[in-house]
Amino acid sequence: APPADDGVLTETDVVKVKRKKRSGGALVWGGFLGGLLFSKAEHLNYGDNIIGRKDNAKPSDISIDDSFVSRQSINIKVSLAPGMAGNTYKLTVLTAANPVFVNSNSLETGEYTFLNYNDKIKIGHTVLTLKKLKKK
């Protein structure tokens, strides 16, 4: 079942990955595969998180199975917020044959924006949502 849309995930909502330094944020997306609805989530780690189309020759940190997404489409850099509790999430468009949308704002290659929880990121035909991971 897809996670509740309250902006908060639990550990059980997120795919276990073996990358280090989890930030407490996760990207969530879903769609139809073989006629079945699916939902997927991946942790975001501190530092760079490259997101792109699944490609074994040039793998991304987070792979999206969408032929309309570039191999290395966007980077989400996660940093500790200066002087505050929490993190900053900076999205930069690396390569995009089609515009990347954050909510309703279009971004071209080389442009960036800062993300908030529950922001929608559209790359190719996939919509990703930045969610907060609840600490246990």
With sequence neighbours excluded, residues passing side chain to side chain donor-acceptor pair (under 3.5 Å) with T126: D66
Donor on one side chain, acceptor on other, Y89 and N116, under 3.5 Å: no
Which other residues belong to the hydrophobic cluster containing Y112, where Ile, Leu, Val, Met, Phe, Trp and Tyr are joined when side-chain heavy atoms lie under 4.5 Å apart, directly or via other members? F114
Partners passing side chain to side chain contact (heavy atoms under 4.5 Å, CB included) against K58 (at least two apart in sequence or in another chain): R71, Q72
Contacts under 3.5 angstrom, residues 92-109 side chains, donor-acceptor by atom type, not counting sequence neighbours:
{"unit_1": "N103", "atom_1": "OD1", "unit_2": "K120", "atom_2": "N", "d": "3.0"}
{"unit_1": "N103", "atom_1": "ND2", "unit_2": "D119", "atom_2": "OD1", "d": "3.0"}
{"unit_1": "T109", "atom_1": "OG1", "unit_2": "A96", "atom_2": "N", "d": "3.3"}

Does N56 offer a backbone N or O that forms a donor-acceptor pair with the side chain of K54 under 3.5 Å? no
Using 0.5 Å steps for rounding, measure from the CG atom of L91 to the OG1 atom of T113. 7.5 Å
Using side-chain heavy atoms (C-beta onward) and a distance below 4.5 Å, is D61 in contact with N45? no
So, N49 versus K77: side-chain donor-acceptor pair below 3.5 Å or not? no
Do the non-hydrogen side-chain atoms of I76 and I62 ever get within less than 4.5 Å of each other? no
Full working for side chain to side chain contact (heavy atoms under 4.5 Å, CB included) between L128 and I64: CA-CA 10 Å; L128 309 166; I64 308 292; 3.8 Å; yes
Closest contact, heavy atoms only, I51 versus S60: C-OG, 4.0 Å
Is there a path of hydrophobic side-chain contacts, each under 4.5 Å between heavy atoms of I, L, V, M, F, W or Y residues, that connects V127 with Y117? no
What's the separation between atom CZ in R53 and atom OG in S70, rounded to the nearest 0.5 Å? 7.0 Å
NE2-CZ distance between H125 and F68, expressed to the nearest 0.5 angstrom: 4.5 Å
To the closest 0.5 Å, what do you measure between CG (D48) and CG (N75)? 4.0 Å
Do the non-hydrogen side-chain atoms of L130 and N118 ever get within less than 4.5 Å of each other? no
Are Y46 and N87 side-chain neighbours, meaning at least one heavy-atom pair lies under 4.5 Å? yes
